[in-house]
A.B. asks: 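Have a look at this one.
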Amino acid sequence: MTVFLAVLRRDLLLALRDGAGTWTVLGFFVIAVAVFPLGIGPEPQVLARIAPGVLWAMALLAALLSLDTLFEGDYRDGSLEILLSAELLPELLVLAKALAHWLATGLPLALAAPLLGVFLHLPGEAMPVLFASLLLGTPVLSLLGAVGAALALGARRATVLLAVMVLPLAAPVLIFGAGAVESAQTGLAAAPSLLILGGVALCALAVCPVAAAAALRQAVE
Amino acid sequence: MTVFLAVLRRDLLLALRDGAGTWTVLGFFVIAVAVFPLGIGPEPQVLARIAPGVLWAMALLAALLSLDTLFEGDYRDGSLEILLSAELLPELLVLAKALAHWLATGLPLALAAPLLGVFLHLPGEAMPVLFASLLLGTPVLSLLGAVGAALALGARRATVLLAVMVLPLAAPVLIFGAGAVESAQTGLAAAPSLLILGGVALCALAVCPVAAAAALRQAVE
Amino acid sequence: MAAMPGTPFALPLPTQAFPLILRDVACARGEARVFGGLDLAVEAGGLWLVRGANGAGKTTLLRLLAGLLKPAGGAALWGDGRAPRTVPERAVLVGHQEALKPALSVAENLGFWARFHGVTENPWPHASDPFGVWALADVPVRALSAGQKRRVSLTRLAFARAPLWLLDEPTTALDAAGQRIVWELVALHRRRGGAAVVTTHAKGTVDGANELVLGEAR
Amino acid sequence: MAAMPGTPFALPLPTQAFPLILRDVACARGEARVFGGLDLAVEAGGLWLVRGANGAGKTTLLRLLAGLLKPAGGAALWGDGRAPRTVPERAVLVGHQEALKPALSVAENLGFWARFHGVTENPWPHASDPFGVWALADVPVRALSAGQKRRVSLTRLAFARAPLWLLDEPTTALDAAGQRIVWELVALHRRRGGAAVVTTHAKGTVDGANELVLGEAR
Amino acid sequence: MVAQALKAMHDTVLRVAQPARFVALAGAWIPWVSVAALVFLAAGLVEGLALSPPDYQQGETVRIMYVHVPAAWMGLFVYALVAGLGGVGLVGGHPLAFHAARAAAPLGAAFTAVCLVTGALWGKPMWGAWWVWDARLTSMLLLLFLYFGHIALSRAFDETRRGDKAAAVLGLVGCVNLPVVKFSVDWWNTLHQPASVMKLGGPSVDPAMLWPLLLMAGAFKLGFFALWLARTRTEVVEARLRAAAGRLRAEGGAR
Ligand code: HEM
Ligand SMILES: Nc1ncnc2c1ncn2[C@@H]1O[C@H](COP(=O)(O)OP(=O)(O)OP(=O)(O)O)[C@@H](O)[C@H]1O
Ligand SMILES: Nc1ncnc2c1ncn2[C@@H]1O[C@H](COP(=O)(O)OP(=O)(O)OP(=O)(O)O)[C@@H](O)[C@H]1O
Ligand SMILES: [Mg+2]
Ligand SMILES: [Mg+2]
């Protein structure tokens, strides 16, 4: 448990202090979303129509981009080998790192999204659902990403690999997440989509740490 | 000149072989564009309406993402110091690296864009303009990015910094690039926008290497 | 150096699992075989100095002992019949790589490793500071000189409770004083029943050390 | 080692710019002053061994001589009155960092540096291979052992035409044979009129070498 | 009894699966399988392009079907095969399974790509668009991405074994996509038409169209087997060469 907390703490510290952490992800998210009105033009109806999709898609990309460093830094500087030789179960190590990743990126993304929604003329009714859907969906991204990052560890072209691996698996999350917001926007019930998201999150929580831990053991061989 | 060619050659080799090169950028581009219909929904009119903006915005982000490694690798492993102490003018070094970056990322992006346009229901008439606009616009991104990457060198949070620095400068490129495609799509003349893009490219070619070289000298101090 | 009472060095070590025995072990990196037919017994209180040309397989051997590589042939077993792989927390490896985060300060980095090794209170000033890096506590690791980094990295040994130390060219980048401290620490560790396997290119030897020279072919 | 005729080592060196003179030089890293009041003259054919505790400023001094750092006080000038900064191609620095790309093979890495140093034909087998890395030509650098990496990195010296060699702990990670080759190369370089400034923590000394011990404080 | 039979089968598989034996066996089989594939292909092309009638609704474009549908079937089948081989490799640790998976994946990706391209070519006249984002088309595109991921991952490491294992994990996880591709037409309201050949209750296609379709399916399958055997053999030989080169380097004075 001490080790779990130590890893969590250090990763959060690094995310706030260093390159690929919170600020990069938030910066990317804000800028990526801001780029759209420039490219598409300012019409409010068009922007509002695509707002749920754009916000979710960019949140997905932002999370994806920060994932390739999830284990990479520890792997390169030799920390990972030491961490894996601890009495801590590798599954818990994965969980600690995924949790830190979510706290450092998913949560800020969920918090920032409603604000960006305003810029895309997303109606106020949809904001709580946007926030809720990201709150449920981003942990799945962190968990799936942990599996991908562990598999791609030490690989050449880790970033593409990760994207190519995680995206097909994350597609349902995106579809239901954006779907929930769109329902709310058009006055339909968002609850079913949100429930599905919650279910997916629970499944990911059960399966992903085990898979990622297996991949990690492979990687330090 | 030998050194110019040697740097160009090595950077291309690295881009094709390694992490943040051609494959990452292309993979990101394809996946980022594919994410939109998933989030926004399948209606062809909506997709066609936002296609120019989405393609240009994602190309911009893809180029931006590959930029933070433009000098970073050389800086970290000590190559940059040696390169800067050569008889080659730093301006030419910047040019060699920017050219390699464009060949390895900008050109493939321009080539891939029309194919992705098909998926977004972009009409056939707009394809040549899409290609031409990216062909003129991506070199500007590489050159602006070189300045940003040189300035951000060794800074923590290089990626955000880079994005925050380059994006405002790249905004006109995005606006005119997407504008040209939109004109072609709606049957208007695309030539004026393309000419402006060409002009911007020439200016960037004249100014950016000098600025980036100055920043590089600072960085290895 | 100062190893004060009340520091980890005064605590008892779990040494009952010794010896660690390698029998006819072969090792491969990638597709290529690095060495084969290796026999080795690491006893409590023992010290092995591993020598050999560049690329002979010294680092590979240490990774094997740490359980990070599986032998390609032969068997590596602790006294209680377990393979290095299945019993972590038995060995601590200080390798060519520093396992330090450049963005964090010396104190933050060491604080993490201390907590990792189960030292829950603030490691300073309770724990010993054999390499005198306390003075650099607030400096981010990225601003350290090569030798200072190595000192910080080696300080991890002061927190570890593992009975087996695996040190890969620990004296690299250290000045004469630093090198002396390394050997003194190893001696201290052996006195409390620990063992060490140390690779080195230096010529001198150490009291009661066994020597292993890897692969004569180069 | 083998430095064959027809290799860069047989070519004349541009040594007319010696000596390089430092007068009352002070140096700072970040905000902190590292050393001050340093006087030094590097003559053609000369060798300076730089010693000092970890963090004393040895690496800092080499970067200053390479023109990568400006002195915070005093003056550093070549014989022709130019500062190190304005005359590149005068010094070659082999530092703690290897300047090698892990993804590229040994041959690709060395090919790049050879072209960089103006050796336009395929450097092998024309150029000398003092450290015997030719056998590893097709191996990606990421799969090399620590000492093998250093050997590849030092091979750059065989291509460089710079009269001043700045070597930062060049013998790190090298086995005994490799260390001997380094010193032989330095001797060869001095015989053809070159000079070298070498930092080291080793105790031995070299014929006709000057010694500089930096800052007694750590 | 059953146990004995199973044991005998297992032993046979293991014997054939000896890499050395496999190379010899593959060499003997490849010519025959190739010839059979060509015969099927010729028959299928003649039937499909000349003898079968145009569709009463779709006209001549229906002939795209004779490529599109077999390619789609193969894309799905090969993915299942690759995932299965990866699973066998992970559990049994048998190198030949990894070699076979590595050899099959690019072929499956090619079939999937052919299905996508012919589908797009067909879609333009039928639906008026090259591409629509319905569930079947999207899930098939994801299948292509999964193939790309598998191929890239299996080649991304210095140690081929690691790539094989990582790719095997990805292959198994990606299997969730297969039923989505297959049943998407039933689960969702898609533009793409539902199954008419491989469905409960027998095919509902006119025999004049069914025959060429089945012939082409046979040709694709046999062609795949020929290429697969050849590629697997190459993988086995390459692995041996790599091992030999490694040994040489280790002995021949590497440092
Ligand atoms: C890019 C677009 C397309 C894709 C990705 C695609 C994908 C597929 C797939 C995966 C199958 C195999 C399904 C199974 O095994 O049950 C299939 C079958 C089939 N497709 Fe397409 N398709 C596309 C476009 C079209 C078009 C435009 C048509 C014609 C209107 C068409 C007609 C058929 C037919 C008739 C079958 C056989 C169904 C059966 O009998 O099982 N497809 N397609
Ligand atoms: N990038 C940097 N930023 C700020 N300070 C630095 C940086 N690099 C080194 N320093 C500081 O400058 C001083 C001198 O460092 P330098 O690397 O020159 O030492 P050194 O003599 O080479 O030591 P070593 O024997 O450990 O290699 C040290 O106190 C170090 O902490
Ligand atoms: N990651 C790797 N992948 C493949 N081969 C490797 C890898 N690391 C090392 N090798 C090879 O394994 C052999 C042994 O390497 P090892 O690092 O154990 O040598 P070493 O004795 O520690 O050498 P040094 O004195 O240079 O540190 C070398 O020939 C090396 O090229
Ligand atoms: Mg080693
Ligand atoms: Mg130093």
Side-chain angles (χ1 to χ4, degrees), chain C residues 29-32 34 50-63 95-98 106 131-136 139-140 142-152 154 168-181 199-204 213-218, chain D residues 28-32 34 50-63 95-98 106 131-133 135-136 138-140 142-152 154 168-169 171-181 199-204 213-218:
Chain C
R29 290 307 284 272
E31 318 269 295
V34 176
V50 183
R51 300 177 194 279
N54 291 138
K58 301 179 292 301
T59 300
T60 306
L61 174 63
L62 290 194
R63 293 174 63 87
H96 291 305
Q97 295 161 309
E98 254 104 26
V106 170
F131 290 97
V133 292
W134 177 224
L136 300 167
V139 182
R142 110 180 74 76
L144 294 185
S145 79
Q148 289 169 333
K149 270 194 203 121
R150 195 125 259 278
R151 282 166 178 259
V152 176
L154 285 164
D168 203 356
E169 300 186 39
T171 53
T172 293
L174 292 184
D175 54 22
Q179 300 188 12
R180 209 165 38 243
I181 297 172
T199 71
T200 178
H201 289 301
K203 267 177 230 104
V213 181
L214 282 178
E216 300 306 334
R218 224 217 345 253
Chain D
R29 290 307 284 272
E31 318 276 287
V34 176
V50 183
R51 301 179 192 279
N54 292 138
K58 302 179 291 300
T59 300
T60 306
L61 174 63
L62 291 194
R63 293 174 64 86
H96 291 304
Q97 295 162 309
E98 255 103 27
V106 171
F131 290 97
V133 292
L136 300 167
D138 294 329
V139 182
R142 97 181 85 79
L144 294 185
S145 79
Q148 288 169 333
K149 271 195 204 123
R150 196 126 258 277
R151 280 165 180 260
V152 176
L154 285 164
D168 203 356
E169 300 186 41
T171 54
T172 294
L174 292 184
D175 55 21
Q179 301 188 8
R180 208 163 41 239
I181 297 172
T199 70
T200 179
H201 290 302
K203 271 180 226 101
V213 180
L214 283 178
E216 302 306 334
R218 219 211 356 255

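Below, read A as the first sequence line, B as the second, and so on, with proteins coming before strands; counting in each chain starts at 1. Values reported hereafter were calculated over all heavy atoms of this structure, with side chains retained and with hydrogens, waters and symmetry mates removed.
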A.B. asks: Working to the nearest 0.5 angstrom, can you tell me the gap between C:Gln179 CD and D:Lys203 NZ?
C.D. replies: 6.5 Å
A.B. asks: Quick one: what part of D:Thr59 sits under 4.5 Å from any heavy atom of chain C, side chain, backbone, both or neither?
C.D. replies: neither
A.B. asks: Who among D:Gly57, D:Ala173, D:Ala32, D:Gly52 has the most heavy-atom pairs with chain C under 4.5 Å?
C.D. replies: D:Ala173
A.B. asks: Donor-acceptor check, side chain of D:Asn54 to backbone of C:Gln148, threshold 3.5 angstrom: yes or no?
C.D. replies: no
A.B. asks: Which atoms of C:Ala135 come close to chain D, meaning under 4.5 Å heavy atom to heavy atom: side chain ones, backbone ones, both, or neither?
C.D. replies: neither
A.B. asks: Checking heavy atoms, do the side chain of D:Ala202, its backbone, both or neither come under 4.5 Å from chain C?
C.D. replies: neither
A.B. asks: To the nearest 0.5 Å, tell me how far D:Arg51 CZ sits from C:Asp175 CG.
C.D. replies: 12.0 Å
A.B. asks: To the closest 0.5 Å, what do you measure between NE2 (C:His96) and OG (D:Ser145)?
C.D. replies: 6.5 Å
A.B. asks: Using a 4.5 Å cut-off on heavy atoms from C-beta on, say whether the side chain of D:Leu174 contacts that of C:His201.
C.D. replies: no
